[in-house]
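Index from 1, following the sequence.
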Amino acid sequence: MKLTKIYSLFCLTLLFWSCDLDPVPTSAGIVDEFFRNDDEITAGIINIYDALQGSNPLEGDGGFNNPHLAIQIEYQMAETLSDNSRTKSGSPQGFDFETFTVTPQTAAVTTYYRSMYRIIFSANVVLENLENASSENANRFEAEARFLRAYAYFNLVRFYGDVPLVDRVLESAVAEDIETSFTRVDENLIYDLIISDLQFAVDSDLDNSFRTRASKAAAQTFLAKVYLTLGTNYLEAQRLLEAVIDSGDYSLEPNFLDIFYTEANEETIFSIGFDDTIVDDSQGFSAEFLDAVGRGTGSNYATAELVAAFSTFGGNRGQFTFREDPGNPGLFQTVKYLPIADADVGVTSAPANPRIAGNDWIVTRYADVLLLHVEAILAGGQETSAPAAITSFQAVRERAGITDPITSITKQALMDERRVELAFENHRFLDLKRFKVAQEVLSAFSEANNFDFQATDLLLPIPGAEIAISQGVLTQNDGY
């Protein structure tokens, strides 16, 4: 199969990029000779995960303008662009997000956008080269690639709104394909592709064997979250989540700390794997969360509002979620994914260099599923007393040492529980949007802290560099 590619949307200089296992070719001329068998297709699949993993900006010459940071900078838009997270004394890393002054030139806006399209591009290449897959593995290969493409598009549409829909490998010399690569389409069309891809993965040969690769449960969880985000199909979302619960393949870790330091544990449904023995497979974001450890430091500290929420709703989770900064009393660092040892927290081992950390990033876990289950039963309402919802809700609270019996769950109680259970795990901003309270909550938070939140901040700007490359075809979001 002859494959050509379009560089402009992604600003890519390599056809593929792989950090581990068997790298796929970087020469377009060799692509025709690749994807000849299951082993080579598997290498292409691993390449998609590498794109999701991103490259560690703290070592080498990548820097924060590296276009392939992917998940390693997601905390800036998912936590710092909310009432959960702040920077230390205006630390440059993430400050635009903290103060709601993001611009089309903000580095993370561009690098995240390009990273997600890199994942999509890599998935499309695999999907167009499945003709040589064995009958035994073809369905699973397709499901894995489509799951990852859906995951990237789900991130893009929630953060940027309408975006270009690229569901195949584009040809750089074809005017229609160039137009496709820059033309934003209605987000409903993006969601149609996401749902189709995730439904295929749900119905596929995937099982729940993996924690750091696609699984049936991960596809079920994300498809349920898509329906909750759209505010439709609550019964199907509930059914999908109950399928994960009833599978028996997942459970809450008894010790909250073990969620983050015993990797591929029973609570993890889908995580992104990192390895501190290989620089290119390591992560640097957890060093960024500390002071004077990473290249850019003092980011993703707890806001005073989050600390207060823990004192009211957190139970015993606070000690495993943040600690007072030893060098800056009164400021609180996240200790989820702590890349240094701290006996007070319970972390007894750490990499030799905290800038090259191996802590896996958990995208979704069983506690998230249980709380999404409550949300599906709530079905957009203000309160539920359904026994199934109470069972799921109480399970999460009881692990945190909160054993007071309840007879009903309000929407606010569910939001509060998600906030303290999943703090610093890149849920808060998107949760506020999904519950349709983001404008209200962030306006009040902004006013209390003398920030500059506007309703248009609920979508990130389309990167200015991409608009420039498109010569005006790619349009900007309102407010930027």
Going by the salt bridge (Lys or Arg N to Asp or Glu O under 4.0 Å) test, which pairs reach into [range], not counting sequence neighbours?
range            : result
residues 297-317 : Arg317-Glu417, Arg317-Glu421
residues 145-156 : Glu142-Arg146, Arg146-Asp197, Arg149-Asp197
residues 160-170 : Arg168-Asp177

Does [X] use its side chain to pair, donor to acceptor, with the backbone of [Y] at less than 3.5 Å?
X      : Y      : result
Arg118 : Arg114 : no
Tyr117 : Pro164 : yes
Glu187 : Val163 : no
Thr303 : Asp83  : yes
Lys433 : Leu458 : yes
Gln283 : Phe285 : yes
Lys216 : Ser204 : yes

Listed partners of Gln76 passing side chain to side chain donor-acceptor pair (under 3.5 Å), at least two apart: none
Please list, chain by chain and in numerical order, all residues satisfying side chain to side chain donor-acceptor pair (under 3.5 Å) with Asp249, sequence neighbours excluded. Asn208
Quick check: do [X] and [Y] have side-chain heavy atoms less than 4.5 Å from each other?
X      : Y      : value
Leu442 : Asp457 : no
Met77  : Phe429 : no
Val374 : Leu370 : no
Phe445 : Phe100 : yes
Arg184 : Asn477 : yes
Asn359 : Phe260 : no
Ile259 : Arg399 : yes
Ile45  : Arg213 : yes

What class does the angle between the rings of Phe270 and Phe222 fall in, given that below 30° is parallel, 30 to 60° is tilted and above 60° is perpendicular? perpendicular
Minimum heavy-atom distance [X]-[Y], with the two atoms named:
X      : Y      : result
Lys336 : Thr334 : N-OG1, 3.3 Å
Ser349 : Ala341 : N-CB, 4.5 Å
Ile356 : Pro351 : O-CB, 3.6 Å

For [X], enumerate each residue passing the side-chain contact (heavy atoms from CB on, under 4.5 Å) test, keeping only those at least two apart in sequence or located in another chain.
X      : answer
Asp416 : Phe313, Gln412
Thr99  : Phe95, Thr101, Phe451
Val335 : Arg323, Leu338, Val345
Ala214 : Tyr49, Glu144, Phe147, Leu206

I need the [X] [atom1] to [Y] [atom2] distance, nearest 0.5 Å.
X      : Y      : atom1 : atom2 : value
Thr229 : Ile194 : OG1   : CD1   : 9.0 Å
Thr364 : Glu267 : OG1   : CD    : 9.5 Å
Met116 : Leu148 : CE    : CG    : 10.5 Å
Ile245 : Tyr366 : CD1   : OH    : 5.0 Å
Ile119 : Asp50  : CD1   : CG    : 10.5 Å
Tyr151 : Leu156 : OH    : CG    : 11.0 Å

Applying ring pair (Phe, Tyr, Trp, His ring centres under 6.0 Å) between Phe322 and each of Phe310, Phe424, Tyr337, report the one that passes. Phe310
With Tyr160, which residues qualify under ring-ring contact (aromatic ring centres under 6.0 Å, His included), at least two apart? Tyr113
Ser282 versus Asn56, side-chain donor and acceptor atoms under 3.5 Å: yes
Side chains of Asn265 and Asp258: do they bring a donor and an acceptor to under 3.5 Å? no
Are Asp360 and Arg211 within salt-bridge range, i.e. N to O under 4.0 Å? no
I would like to know whether Phe332 and Leu306 meet side chain to side chain contact (heavy atoms under 4.5 Å, CB included); could you show each step before the answer? CA-CA 10 Å; Phe332 297 88; Leu306 180 61; over 6 Å; no
Flag yes if more than 12 heavy atoms outside Asp478 fall under 6.0 Å of its CG atom; otherwise flag no. no
After noting the C-alpha distance and the side-chain angles of Glu253 and Arg365, does the key distance pass the salt bridge (Lys or Arg N to Asp or Glu O under 4.0 Å) rule? CA-CA 10 Å; Glu253 285 291 316; Arg365 54 187 175 90; over 6 Å; no
Suppose the criterion is side-chain hydrogen bond (donor to acceptor under 3.5 Å, both in side chains): which pairs have a residue in residues 439-448, not counting sequence neighbours? none
Only one of Arg86, Gln333, Lys88 passes side chain to side chain donor-acceptor pair (under 3.5 Å) with Tyr301; say which it is. Gln333
Pair Glu263, Phe274 - check side chain to side chain contact (heavy atoms under 4.5 Å, CB included), show working. CA-CA 10 Å; Glu263 298 190 330; Phe274 292 98; over 6 Å; no
I'd like to know whether Gln53 forms a side chain to side chain contact (heavy atoms under 4.5 Å, CB included) with Ile71, so could you lay out the CA-CA distance, the side-chain angles of the two residues, the decisive distance to 0.1 Å, and finally the verdict. CA-CA 6 Å; Gln53 182 188 63; Ile71 201 70; 5.7 Å; no
Apply side chain to side chain contact (heavy atoms under 4.5 Å, CB included) to residues Thr221 and Leu240 and explain how you reach the verdict. CA-CA 7 Å; Thr221 300; Leu240 288 161; over 6 Å; no
Does the pair Arg419 and Asp431 meet the rule for a salt bridge (Lys or Arg N to Asp or Glu O under 4.0 Å), with working shown? CA-CA 9 Å; Arg419 186 180 193 185; Asp431 279 0; over 6 Å; no
Results of salt bridge (charged side-chain N to carboxylate O under 4.0 Å, His left out) for Glu98 - residues two or more places apart only: none
